[in-house]
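Comments concern the structure below.
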Amino acid sequence: WYTDSDYLKLQNSVLFSLNKKIKEAAVKTRTHFIDLWNIFNHDMIKENYLQKDRFHLSLIAYEIICREIEIILQKSK
């Protein structure tokens, strides 16, 4: 059996790998990519990016996503 810590490390490893592949695909296709993994991953709980259930994103997180989209839209004008 995995401990919670081991499972989280394994899960993060898989998610990091997937994020990297998506970013590479975006570069190849010249598609905008918002790297939410790096924005949220480091201080997700400390910065209140998650709701109390520690699964769903909080209003603060959605505001950050909107800000990142707005930056891309402004550059596209």
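Sequential numbering from 1 along the given sequence is applied to the chain's residues. Please read these numbers as outputs of a predicted model, since none were measured by experiment.
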Holding to side-chain hydrogen bond (donor to acceptor under 3.5 Å, both in side chains), I want the full list of residues that pass it with [X], two or more places apart in sequence or in another chain.
X	value
Thr31	Thr29
Thr3	Asp6
Asn19	Asp35

How would you list all residue pairs meeting side-chain hydrogen bond (donor to acceptor under 3.5 Å, both in side chains) that involve residues 7-17, not counting sequence neighbours?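 Sorted result for residues 7-17: empty, none.
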Got a sec, which hydrophobics cluster with Leu8, joining ILVMFWY side chains under 4.5 Å apart, including via others?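 Members besides Leu8: none; it forms no cluster.
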Mind jotting down which residue pairs meet the salt bridge (charged side-chain N to carboxylate O under 4.0 Å, His left out) criterion with at least one end in residues 11-22? Sequence neighbours excluded, please.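 Salt bridge (charged side-chain N to carboxylate O under 4.0 Å, His left out) check on residues 11-22 returns no pairs.
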Applying side-chain contact (heavy atoms from CB on, under 4.5 Å) to Ile22 and Phe33, what does each step give before you reach the verdict? CA-CA 8 Å; Ile22 294 168; Phe33 176 74; 3.5 Å; yes
Ile39 and Val27: same hydrophobic cluster, using ILVMFWY side-chain contacts below 4.5 Å?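 No.
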Quick one: side chains of residues 55-72, donor-acceptor pairs under 3.5 Å with protein atoms, not counting sequence neighbours, listed by atom name and distance.
from  : atom 1 : to    : atom 2 : distance (Å)
His56 : ND1    : Asp53 : OD2    : 2.5
Ser58 : OG     : Asn48 : O      : 2.6
Ser58 : OG     : Tyr49 : O      : 3.3
Ser58 : OG     : Ile60 : N      : 3.4
Ser58 : OG     : Ala61 : N      : 3.4

